[in-house]
Structure formats: structure tokens, C-alpha cells
Peer 1: 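Next up is a structure, given as C-alpha cells.
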Amino acid sequence: MSAGAGRLGVVVTDIARADAEVVARLGAHGVATVHEAMGRQGLVGRAIAPIQRGARIAGSAVTALCWPGDNLMIHAAVEQCAPGDVLVVATTSPSGDGAFGDLLATALRARGVHGLVTSTGVRDTADLRELGFPAWAGSVHAQGTVKATAGSVNVPVVVEGALVRPGDVVVADDDGVVCVPRERAAEVLAAADARTSKEAADRDAYAAGELSLDRKGLRALLAELGVRYVSQADLDAEAGPR
């Protein structure tokens with residue numbers, strides 16, 4: 001069940017958001033770097049996959065908690081979205097119904113929303129790609145939904161094992177989705193900047209022919225773990241006759 005399931009029936013209208021420049025710079029680093037910089041935390045499970053390739057977004061989370069097969073609260077969430085946001089949708093129990101399609105994407109795009117992350121299904125996927133509206137979803141399914149049951153907007157939700165609170169920074173690309181707690185955004189950005197600088201130096205060294213075994217001091221670790229370097233002939237001799 002989603003983290004906000006005990007707080008149904010509210011729409012929170014005044015969420016705090018991370019600094020826009022920090023959000024943009026986190027997005028430029030991408031999911032893998034941000035995930036590593038945050039101590040390998042915040043990663044959304046691999047069941048949430050992009051419906052397109054080549055998109056990279058970041059934004060402040062506006063969350064919608066819906067009942068299975070019901071997208072009423074997604075419609076309510078559209079009004080709470082601001083330019084630069086990412087809409088994050090979860091349900092009170094698992095649902096793969098196509099709760100989101102091109103009409104909602106059109107409305108969100110008009111409000112400057114960067115994309116969608118949802119544990120539910122999406123449909124009209126060709127239209128979403130044509131619109132240039134990126135989405136990461138639990139499934140693609142044409143099954144429609146109703147608008148009948150109260151949920152909530154801008155409460156904490158869980159998407160594939162990751163806690164997403166309103167205003168947290170969501171970064172998404174071809175590698176998946178990661179969520180950065182809003183209050184840690186600047187700290188994680190500094191760590192991501194440092195990691196990127198280190199990786200740039202590593203990349204230059206590898207391009208020049210240096211081995212990662214030497215650059216990262218891994219030969220000593222291999223020896224400590226008992227890994228031996230032997231010739232094929234010596235290995236065959238150790239194995240004995242076949």
C-alpha cells in the first residue's frame with residue numbers, strides 16, 4: 001500500500017519545491033550518477049520503465065494517490081502542477097490499468113510539467129511520444145479507468161519501493177527513476193558534481209590506455225581475495241588428466 005493511503009481525501013495546495021537551478025543540474029547528471037552520489041538510495045524499482053528513449057528530465061514531485069482503476073485524483077493533481085514539476089502517481093494497491101493518456105499529457109504539457117512517473121499503466125503511448133511528453137510507467141495497457149473514488153494529492157507515496165514526497169526532486173532517464181529528498185538536493189548535487197569530475201578524469205585515463213585495475217588499486221584486492229594469475233598450461237596441469 002502507498003505511504004499516503006491513510007491520508008485520503010485531501011489536496012495539498014502549497015508544497016515547497018527545491019531550487020530550480022539545483023533541480024536542473026541534478027537532471028543534467030542523470031539517474032545513475034545521482035543514485036550513486038546519494039549513497040545508492042532513492043532508486044525506483046526496475047518495473048517502472050520509460051515508454052520512450054532518449055528523454056532525460058528532472059523536476060519537483062507533485063504526487064497523486066489514486067484507487068486502482070480510478071484516475072480522478074490525477075485530474076485533481078493537474079491543477080496543482082507548476083512549470084518544472086514532475087507528476088508522480090501511485091495507487092493504494094497495485095493496478096496496471098491505463099490511467100493516463102494523451103489528453104492528460106496535453107493538459108500537463110500546457111502547464112509546463114516535465115513528465116510523468118507512475119506505478120499504474122499508461123496508454124496512447126504513440127501520441128505521448130509524438131507530443132514529446134516523457135513518461136515512466138509500470139505498464140502499458142489500454143484498459144480505461146473511472147472517476148469515482150476520493151484519493152489525495154500531494155501526500156507521500158511509494159512507487160516501486162521508493163518513497164516520494166511532494167516537492168522532492170525526481171530525476172528520470174533511460175536508466176530509470178531516482179528520487180532525491182528536497183532537503184538533500186543541494187548536498188546530493190555537490191556529491192554528483194564531484195563524482196562527475198572524478199569520472200571525467202577516469203575516462204581520460206582509460207582512453208589513454210590505463211587499466212582500471214591499476215587506477216583503482218584493485219590488484220591488491222584481488223590478491224587479498226586469493227585470486228591467482230596462472231597460465232593455461234599450469235591450470236590444466238593442476239586439473240590433472242581428463
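These numbers come from a predicted model, not from an experiment.
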Peer 1: How far does CZ of Arg184 sit from CG of Leu189, to the nearest 0.5 angstrom?
Peer 2: 12.5 Å
Peer 1: Side chains of Thr149 and Asp70: donor-acceptor distance under 3.5 Å anywhere?
Peer 2: yes
Peer 1: Given side chains that start at C-beta, do those of Leu222 and Arg228 come closer than 4.5 Å, heavy atoms only?
Peer 2: no
Peer 1: To check you understand the geometry: which heavy-atom pair defines the closest contact between Ala105 and Leu131, and what is its length?
Peer 2: CB-CD1, 4.1 Å
Peer 1: State, with a plain yes or no, whether a side-chain heavy atom of Phe100 is found less than 4.5 Å away from one of Thr118.
Peer 2: no
Peer 1: Are Asp175 and His35 close enough that a side-chain donor and a side-chain acceptor fall under 3.5 Å?
Peer 2: no
Peer 1: Might you point out which heavy atoms bring Ala64 and Val157 nearest each other, and give the distance in Å?
Peer 2: O-CG1, 4.4 Å
Peer 1: Mind listing the closest non-hydrogen atom pair of Ala162 and Gly42 along with its distance?
Peer 2: CB-O, 4.1 Å
Peer 1: Would you say the side chain of Asn71 lies within less than 4.5 Å of the side chain of His75, judging by non-hydrogen atoms?
Peer 2: yes
Peer 1: Do Leu235 and Val227 land in one hydrophobic cluster if side-chain heavy atoms of ILVMFWY residues count as linked below 4.5 Å?
Peer 2: no
Peer 1: Can you tell me how far CZ of Arg25 sits from CG of Asp19, rounded to the nearest 0.5 angstrom?
Peer 2: 9.5 Å
Peer 1: Got a sec, which hydrophobics cluster with Leu103, joining ILVMFWY side chains under 4.5 Å apart, including via others?
Peer 2: none
Peer 1: Side-chain heavy atoms under 4.5 angstrom apart, residues restricted to Ile, Leu, Val, Met, Phe, Trp, Tyr: same cluster for Leu26 and Val31?
Peer 2: yes
Peer 1: Side-chain contact, heavy-atom cut-off 4.5 Å: Cys179 with Gln41?
Peer 2: no
Peer 1: Please tabulate, for the side chains in residues 76-83, all donor-acceptor contacts under 3.5 angstrom to protein atoms that are two or more places apart in sequence or on a different chain.
Peer 2:
none

Peer 1: Taking only residues two or more places apart in sequence or in another chain, which ones pass side-chain hydrogen bond (donor to acceptor under 3.5 Å, both in side chains) with Glu183?
Peer 2: Arg165
Peer 1: State, with a plain yes or no, whether a side-chain heavy atom of Val140 is found less than 4.5 Å away from one of Val122.
Peer 2: yes
Peer 1: Hydrophobic clusters join Ile, Leu, Val, Met, Phe, Trp and Tyr when side-chain heavy atoms are under 4.5 Å apart, directly or via other members; which others share one with Val146?
Peer 2: none
Peer 1: Ignoring hydrogens and geometry, is there a side-chain-to-backbone donor-acceptor pair from His141 to Asp97 under 3.5 Å?
Peer 2: no
Peer 1: Show the numbers, then the answer: is there a side-chain contact (heavy atoms from CB on, under 4.5 Å) between Leu65 and Thr91?
Peer 2: CA-CA 5 Å; Leu65 179 62; Thr91 50; 5.8 Å; no
Peer 1: Which pairs count as salt bridge (Lys or Arg N to Asp or Glu O under 4.0 Å) when at least one residue sits in residues 82-96, sequence neighbours excluded?
Peer 2: Arg17-Asp85
Peer 1: Thinking salt bridges, do Glu224 and Arg219 make one under a 4.0 Å N-O criterion?
Peer 2: no
Peer 1: Output yes when a side-chain donor or acceptor of Thr63 lies under 3.5 Å from a complementary backbone atom of Val155, and no otherwise.
Peer 2: yes
Peer 1: For Glu21, what residues pass the side-chain hydrogen bond (donor to acceptor under 3.5 Å, both in side chains) criterion, not counting sequence neighbours?
Peer 2: none
Peer 1: Can you tell me which residue pairs pass the salt bridge (Lys or Arg N to Asp or Glu O under 4.0 Å) test with a partner in residues 121-131, sequence neighbours excluded?
Peer 2: none
Peer 1: Indicate yes or no for a side-chain donor-acceptor contact from Ser197 to the backbone of Asp193 under 3.5 Å, with no hydrogens or angles considered.
Peer 2: yes
Peer 1: Starting from the C-alpha separation in whole Å, work towards a yes-or-no answer on side-chain contact (heavy atoms from CB on, under 4.5 Å) for Val188 and Val34.
Peer 2: CA-CA 7 Å; Val188 174; Val34 171; 4.1 Å; yes
Peer 1: Which hydrophobic side chains are connected to Tyr206, either touching it within the sub-4.5 Å cutoff or through other members that do?
Peer 2: none
Peer 1: Who passes side-chain hydrogen bond (donor to acceptor under 3.5 Å, both in side chains) against Arg53, sequence neighbours left out?
Peer 2: none
Peer 1: Could you state the interatomic distance from CG (Leu108) to NE2 (His114), rounded to the nearest 0.5 Å?
Peer 2: 12.0 Å
Peer 1: Could you check whether any side-chain heavy atom of Asn154 comes within less than 4.5 Å of a side-chain heavy atom of Val11, counting everything from C-beta outward?
Peer 2: no
Peer 1: Quick one: which residue pairs count as a salt bridge (Lys or Arg N to Asp or Glu O under 4.0 Å) with a foot in residues 145-157, not counting sequence neighbours?
Peer 2: none
Peer 1: Any link between Val113 and Leu128 through a network of hydrophobic side chains (Ile, Leu, Val, Met, Phe, Trp, Tyr) touching at under 4.5 Å?
Peer 2: yes
Peer 1: Yes or no on side-chain contact (heavy atoms from CB on, under 4.5 Å) for Val88 and Val170, after CA distance, side-chain angles and deciding distance?
Peer 2: CA-CA 9 Å; Val88 179; Val170 175; 4.0 Å; yes
Peer 1: Treat each ILVMFWY residue as a node, draw an edge where side-chain heavy atoms are under 4.5 Å apart, and state whether Val86 and Val22 are in one component.
Peer 2: no
Peer 1: Identify the heavy atoms of Pro68 and Ser93 that sit nearest to each other, and give their distance.
Peer 2: CG-OG, 3.0 Å
Peer 1: Would Val169 end up clustered with Ile15 when hydrophobic side chains under 4.5 Å apart are linked, directly or stepwise?
Peer 2: no
Peer 1: Taking side-chain hydrogen bond (donor to acceptor under 3.5 Å, both in side chains) as the test, write out the residues that go with Ser231, two or more places apart.
Peer 2: Asp234
Peer 1: Give me each pair satisfying salt bridge (Lys or Arg N to Asp or Glu O under 4.0 Å) with a member in residues 132-143, each pair once, sequence neighbours excluded.
Peer 2: none
Peer 1: Determine the minimum heavy-atom distance between Ser152 and Gly9, stating which atoms define it.
Peer 2: OG-N, 2.9 Å
Peer 1: Kindly give the heavy-atom pair with the smallest separation between Ala16 and Arg182, and that separation in Å.
Peer 2: O-CD, 3.5 Å
Peer 1: Between CD1 of Ile51 and OG of Ser139, what distance do you get to the nearest 0.5 Å?
Peer 2: 11.0 Å
Peer 1: Is any side-chain heavy atom of Val177 less than 4.5 Å from a side-chain heavy atom of Val171?
Peer 2: no
Peer 1: Please test Asp14 against Val12 for side-chain contact (heavy atoms from CB on, under 4.5 Å), starting from the C-alpha separation and ending with a verdict.
Peer 2: CA-CA 6 Å; Asp14 56 348; Val12 181; 3.7 Å; yes
Peer 1: Just so I know, are the side chains of Leu116 and Trp136 near enough to count as touching, which here means a heavy-atom distance under 4.5 Å?
Peer 2: no
Peer 1: Side chain of Trp67, backbone of Ala150: donor and acceptor closer than 3.5 Å?
Peer 2: yes
Peer 1: Would you confirm whether Arg56, through its side chain, and Ala172, through its main-chain N or O, come within 3.5 Å as a donor-acceptor pair?
Peer 2: no
